[in-house]
Amino acid sequence: MESEKELMNNAKTPVTSRLSRVSDLMTEIMEIQAEDPKFHVLFIPGNPGVVPFYKDFLESLYEFLDGNASITAIGQISQTTKDWEPGRLFSLQEQIDHKVGFIRQDMEGVKVPIILVAHSIGSYISLDILRKFSEKVVYCIGLYPFLTLNKQSTKQSLIGKLAASSVLSATASFLIASLRLLPVWAARRLVSNSLGASWSDTAVQATCTHLRQYHTMRNVLYMAMTEFRELAAEPDWDFMRENQSRLAFLFGIDDHWGPLQLFEEISKQAPGTSLSIEREGHTHAFCCTVAGSVWVAQHVATLIKNRFTHLQ
């Protein structure tokens, strides 16, 4: 196994970060602009939708696409370091509307085709974007997709109950936010020695800067509550069948958000969809390790190059 430093030597072009008002809501954007792009990759994160978690992935993807595509990643509303929308909580539908607003506001002038790449609940969001922008979006890649509830998952059930209780959500958010009382070095050590024992420096840093915020955790849990309501329904199989040639999904071996039962169901309902299973030992939170970020980025780049051969 290569060291993290050796793996990241492939990602030499750094992302830039900025804050932008989208539909009058402050939004965190990360991007890499190509000199002569043939495509524009729009990345939709999961939940938490903190885009700095995906820094290693985005930089690796740019390198694996040989600089032929500009890349933009848009964060979820109110999951930033500062509470720009005091006291407001945003539902899944509001997050979807926000991404639609971003395309209309910031990507209207993009002259090249758009490829959507999305993680977890971002895959669900990206399907709605594809529905609304079928002429601009040419391909949609969902990574470890969360498209419908997994009723067999105990973990998912427990998270759903936590998110559904405003008291429990507020309490959990307060307890996590109380870690802000620790100095940064102590918080980094705590994360590294517990949740992030194998995490990259990028993921540890994003955890310490973004997830120790009360407003961020409240919005993560509120968005999750509305996800559980919306995803209780079956996926829109008719739409997926109509667009199966433009869809690709990557599943994990042991992922309760995107279980292999969903892989099997998509293969039956929309057999023309490109489906893959990751067997390298990465997890749903692939972006939290350098190895996971690099492997998934290479997989995505291969899908795009195979689909659009003129990128070779």
Side-chain angles (χ1 to χ4, degrees), residues 44-50 53-54 76-77 79 89-96 118-128 141-173 175-176 194-199 203 206-207 210-211 216-237 240 247 249-270 273 275-279 281-289 292 296:
I44 312 294
N47 182 23
V50 174
F53 273 107
Y54 299 91
Q76 308 291 10
I77 315 167
Q79 297 190 24
L89 300 175
F90 296 90
S91 68
L92 172 60
Q93 187 57 55
E94 287 172 310
Q95 298 286 4
I96 293 173
H119 176 219
S120 192
I121 191 62
S123 303
Y124 180 90
I125 295 173
S126 69
L127 289 176
D128 212 27
I141 302 172
L143 308 172
Y144 305 87
F146 181 29
L147 301 179
T148 188
L149 295 188
N150 176 8
K151 296 176 182 177
Q152 299 177 10
S153 170
T154 302
K155 287 182 181 178
Q156 204 174 104
S157 177
L158 290 173
I159 293 170
K161 290 176 181 177
L162 168 63
S165 168
S166 59
V167 173
L168 291 177
S169 292
T171 301
S173 300
L175 290 174
I176 293 170
S194 54
L195 293 175
S198 61
W199 283 11
T207 300
H210 287 64
L211 294 188
T216 295
M217 287 310 305
R218 282 291 279 136
N219 268 282
V220 166
L221 292 169
Y222 184 79
M223 181 179 172
M225 178 191 71
T226 60
E227 290 171 27
F228 276 80
R229 290 178 180 173
E230 293 293 327
L231 274 63
E234 284 282 302
D236 187 344
W237 297 121
M240 292 180 68
L247 297 177
F249 294 104
L250 172 68
F251 286 82
I253 290 291
D254 186 21
D255 181 8
H256 68 89
W257 296 110
L260 294 183
Q261 301 98 287
L262 180 59
F263 173 96
E264 297 294 340
E265 192 64 23
I266 294 175
S267 66
K268 293 175 185 176
Q269 297 282 355
T273 303
L275 298 174
S276 308
I277 300 175
E278 176 264 301
R279 304 179 186 275
H282 305 302
T283 66
H284 186 87
F286 71 91
C287 59
C288 291
T289 67
V296 175

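These figures come from a predicted structure and were not determined experimentally.
Without hydrogens or angle criteria, Ser169 side chain to Ala164 main chain gives no donor-acceptor distance under 3.5 Å. Of the possible donor and acceptor atoms, none in the side chain of Ser157 sits under 3.5 Å from a partner among the backbone N and O of Ser153. Gln79 contributes a side-chain N or O that, together with a main-chain N or O of Gly49, makes up a donor-acceptor pair within less than 3.5 Å.
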I'd like a table of donor-acceptor pairs (distance under 3.5 Å, sequence neighbours excluded) in which one partner is a side-chain atom from residues 220-227, with atom names and distances.
residue: Thr226; atom: OG1; partner: Leu92; partner atom: N; Å: 2.8
residue: Thr226; atom: OG1; partner: Met223; partner atom: O; Å: 2.8
residue: Glu227; atom: OE2; partner: Asn47; partner atom: ND2; Å: 3.0

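One distance of note links CH2 of Trp257 with OG1 of Thr283; it measures 13.5 Å at 0.5 Å rounding. Distance CH2/Trp199 to OG1/Thr207: 4.0 Å, rounded to 0.5 Å. In this structure, the separation between CD1 on Ile121 and CD on Gln76 is 9.0 Å, given to the nearest 0.5 Å. Note that CG of Leu231 and CG of Asn150 are 11.5 Å apart. Values are rounded to the nearest 0.5 Å. A distance of 9.0 Å separates CG in Asp236 from OH in Tyr124, rounded to the nearest 0.5 Å. In this structure, His256 NE2 and Leu149 CG are separated by 12.0 Å, a value rounded to the nearest 0.5 Å.
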Test log, rule side chain to side chain contact (heavy atoms under 4.5 Å, CB included), inputs Lys155 and Leu158: CA-CA 5 Å; Lys155 287 182 181 178; Leu158 290 173; 5.9 Å; no
Side chain to side chain contact (heavy atoms under 4.5 Å, CB included) assessment of Ile176 paired with Thr216: CA-CA 10 Å; Ile176 293 170; Thr216 295; over 6 Å; no
Stepwise side chain to side chain contact (heavy atoms under 4.5 Å, CB included) check, Asn219 with Ile77: CA-CA 8 Å; Asn219 268 282; Ile77 315 167; over 6 Å; no
Residues Phe53, His210; criterion side chain to side chain contact (heavy atoms under 4.5 Å, CB included); working and verdict: CA-CA 10 Å; Phe53 273 107; His210 287 64; 5.6 Å; no
Chi angles and distances behind the side-chain hydrogen bond (donor to acceptor under 3.5 Å, both in side chains) call for His284, Asp255: CA-CA 6 Å; His284 186 87; Asp255 181 8; 2.9 Å; yes
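Among Ile141, Leu143, Ile44, Leu147, the one residue that satisfies the side-chain contact (heavy atoms from CB on, under 4.5 Å) test with Ser123 is Leu147.
Heavy-atom minimum distance, Asp128 versus Gln93: OD2-NE2, 4.5 Å. Closest approach of Phe251 to Gly258, counting heavy atoms only: CD2-O, 3.2 Å.
Partners of Glu264 according to the side-chain contact (heavy atoms from CB on, under 4.5 Å) rule, which considers only residues two or more places apart in sequence or in another chain, are Ser267. Considering only residues two or more places apart in sequence or on other chains, Ser276 meets the side-chain contact (heavy atoms from CB on, under 4.5 Å) condition with Leu250, His299.
The shortest distance between side-chain heavy atoms of Met217 and Leu211 falls below 4.5 Å. Using a 4.5 Å heavy-atom threshold, the side chains of Leu247 and Met240 count as touching.
Taking the six-membered ring for Trp, His119 and Phe286 have ring centres closer than 6.0 Å.
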